[in-house]
Amino acid sequence: MLESKLFLDLKENGEVRVDYKKLRNASAEDFARIADKVRPLLMPKLGKDYNLYLKTRPELREGEELITYTLSACPYCNSLLRAVVFKRDGKVWIRKVCPEHGEIEELYFGDYEMYERFRRHQHDGRGNLNTHVPLVAPCPYNCGLCPRHKSHPALINIVVTNRCDLSCFYCFFFASRAGYIYEPTLEHIRYMLRQARRLRPQPAIALQITGGEPTLRDDLVDIVRIAKEEGYTHVQVNTTGIKLAFDADLARRLREAGTNVLYMSFDGVTPYTNPKNHWEVPYTLDNLRKAGLGVVLVPTVIKNYNLHEVGKIVKFGLKHNDIVRGVNIQPVSITGRMPRKERDKERVTIPDVIIEIEKETEGQISRYDWYPVPSVVPISRFIEAVTGEPKIAFTTHFACGAATYVWQENGEIIPITRFIDVDGLLKFLDEKADELEKGKNKYLVFLDVLVKLRKFVDVSKAPKRLREGKRIMRLLYKVFVRHDYSSLGEFHYNSLFLGMMHFQDLYNHDVARVMRCDIHYVMPDGREVPFCSFNVIPDLYRDRAQKAFSYTIKEWEEMTGQKLIDLKYRRNIKKLLSGEPYRRHYEGLFDIDSIPYEDHVLASKKFGIPVIE
């Protein structure tokens with residue numbers, strides 16, 4: 001059993017550190033004991049990390065219409081403030097006033113009509129029967145999860161390294177800039193994964209392995225295996241995909257170990273909008289095809305940078321739908337301190353992206369084809385009422401995300417709403433769940449579902465692959481009548497999932513969203529923290545906890561015999577451009593030959609990735 005002398009509390013600045021190099025052979029049980037001691041020391045502290053300024057309620061002005069009052073954090077001092085969410089000029093805004101830093105106003109949702117349509121689908125979760133931390137502070141300073149949290153986890157993130165082979169100009173997370181190496185041992189990872197699975201009534205079953213750049217770890221395949229051993233049925237790896245462009249065997253080994261999908265950065269179809277991995281993506285996709293490992297493309301969208309390419313990103317996904325399972329768009333979360341005028345140049349919200357996709361697809365994917373994340377709760381309710389077992393319910397805040405499904409046939413894009421009455425089906429399933437919960441005979445309910453399900457589907461308008469043999473009806477019957485949930489996977493793999501998650505920042509921060517978050521990070525001290533606390537207030541959560549369980553860069557280099565700087569990626573653009581996969585993947589999306597070689601080189605260098613010949 002490891003002793004408490006392994007802990008070092010630096011009294012002069014209150015920083016908590018663990019002598020991590022002594023824990024390289026510690027067991028998962030050792031880490032559990034250590035985490036229990038460290039966890040209370042890492043919690044945010046009133047008066048030191050934040051203050052409560054709740055006396056002042058922001059006033060509405062002429063031409064503004066109240067939507068709701070909420071709480072929010074100050075982007076300059078992290079203090080808790082009262083905030084007002086209101087309508088103005090057809091958009092939704094949030095305003096708060098800090099007695100130290102003045103008024104902060106920010107765009108919250110770019111279209112009021114869509115906000116109201118989405119709000120009708122809000123469903124609050126039942127919370128968690130057991131939590132990782134006691135209730136000792138207001139939200140968002142009590143994260144871990146605490147007893148007031150309304151949602152169970154839909155997806156757990158685990159950071160397995162803060163090393164990265166890139167040095168993106170906007171990133172402050174990678175090791176050389178952070179000043180330390182965070183790279184938990186396999187046994188420490190096992191402890192964290194077990195800790196995240198402790199929640200009831202619905203433990204986490206979906207996991208994202210993230211970083212840094214996870215593929216830099218030589219034992220990444222072992223991490224996937226551990227996740228499967230600990231009960232995670234869905235495992236995805238978040239990556240730039242660059243290493244996989246040159247290592248087909250790694251893709252194969254990840255798939256064989258149980259990786260379900262890759263979650264890959266993809267900010268645009270041209271080198272101007274995606275200098276991070278534009279040249280490598282075609283080779284990565286080919287290697288994933290060989291491995292049979294699907295991928296979700298993840299664009300971060302910025303208003304005056306790549307918003308104009310979101311339609312082409314969707315078309316790229318459809319062009320390569322044999323391996324691309326989805327496109328999950330993330331409107332930019334603004335980190336650091338930025339003046340209002342500068343924020344306005346970057347700020348984009350979910351409606352802005354949806355409306356741009358509508359424009360770029362000439363209405364083939366319309367704003368009315370999208371639904372907020374909690375809209376699918378009636379499906380979970382019905383299945384739970386049928387089986388009598390708790391099921392995952394996506395009870396995140398309605399303003400957090402949106403999604404739809406699309407197919408492509410003969411050049412035409414067909415959203416799911418063209419052949420399924422989504423609103424009608426969701427309302428019907430909600431009614432059937434009510435009947436079952438009130439004790440109505442299950443077989444009578446099944447018979448009603450069997451008879452009426454077809455009225456919500458117009459088979460004649462479905463894509464051919466779902467129309468043949470009335471396959472769409474067979475899939476729906478399997479899910480709702482026979483409870484064969486593998487059919488959901490079959491449905492997903494026959495379509496392109498389009499999703500959107502707008503993670504918060506401290507300018508548009510809303511505590512009501514934090515309390516409903518269902519995408520969580522498990523931290524090295526065993527806390528499970530909502531995404532929009534972990535990354536939005538990193539000095540209180542992510543950075544504080546990871547630094548406590550870190551190596552110095554010197555320690556890591558001595559242990560591994562490697563130099564951190566030597567791991568940085570250097571790009572051979574000429575070789576990548578000349579390969580057949582490059583033209584095959586991008587042809588038809590932009591004029592490949594119109595971009596001079598010098599522009600390619602400049603785009604890479606400006607982003608921070610050196611070029612070699």
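Excluded from the calculations below are hydrogen atoms, water molecules and symmetry mates; all remaining heavy atoms, backbone and side chain alike, are included. Small disclaimer: the values here were computed from a predicted structure and weren't measured.
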Taking atom types as modelled, is there a side-chain donor on [X] or [Y] under 3.5 Å from an acceptor on the other?
{"X": "E213", "Y": "T161", "value": "no"}
{"X": "S604", "Y": "R571", "value": "yes"}
{"X": "N260", "Y": "Q236", "value": "no"}
{"X": "N306", "Y": "K312", "value": "no"}
{"X": "D352", "Y": "T349", "value": "yes"}
{"X": "Y305", "Y": "D267", "value": "no"}
{"X": "T395", "Y": "S151", "value": "yes"}
{"X": "H600", "Y": "E598", "value": "no"}
{"X": "D369", "Y": "Y405", "value": "no"}
{"X": "T210", "Y": "N238", "value": "yes"}

Looking at [X] and [Y], does any basic side-chain N land under 4.0 Å from a carboxylate oxygen?
{"X": "E230", "Y": "R197", "result": "no"}
{"X": "D505", "Y": "R347", "result": "yes"}
{"X": "E256", "Y": "R252", "result": "yes"}
{"X": "D286", "Y": "K290", "result": "no"}
{"X": "R190", "Y": "E229", "result": "yes"}
{"X": "D165", "Y": "K243", "result": "no"}
{"X": "E346", "Y": "K303", "result": "no"}
{"X": "R225", "Y": "D219", "result": "no"}

Using 30° and 60° as the class boundaries, would you call the ring planes of Y569 and F246 parallel, tilted or perpendicular?
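Answer is tilted, since the angle falls between 30° and 60°.
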Take the angle between the ring planes of F109 and F118 and call it parallel below 30°, perpendicular above 60°, tilted in between.
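It falls in the perpendicular class, over 60°.
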Derivation of the salt bridge (charged side-chain N to carboxylate O under 4.0 Å, His left out) call for E389 and K391
CA-CA 6 Å; E389 300 174 356; K391 299 296 177 185; 3.5 Å; yes
Taking the six-membered ring of F428 as reference, does the NZ or CZ atom of K452 fall below 6.0 Å from its centre and within a 45° cone about the axis?
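Because its charged atom misses either the 6.0 Å distance or the 45° angle limit, K452 does not stack over F428.
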Test side chain to side chain donor-acceptor pair (under 3.5 Å) on H278 and Y582 and set out the steps.
CA-CA 9 Å; H278 167 80; Y582 180 84; 2.6 Å; yes
D218 CG: over 12 foreign heavy atoms closer than 6.0 Å
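12 or below, so no.
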Examine H121 together with Y371 and report whether their ring centres are nearer than 6.0 Å.
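They qualify: ring centres under 6.0 Å apart.
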Using the benzene-type ring in the case of Trp, are the ring centres of W407 and F419 under 6.0 Å apart?
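Under 6.0 Å, so yes.
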Indicate the atoms forming the closest heavy-atom contact of R584 with H320, along with that distance.
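R584 and H320 have their closest heavy atoms at O-CE1, 4.3 Å.
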Taking the side chain as C-beta and beyond, is there a heavy-atom pair between N535 and S333 under 4.5 Å?
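The answer is no; the side chains never approach within 4.5 Å.
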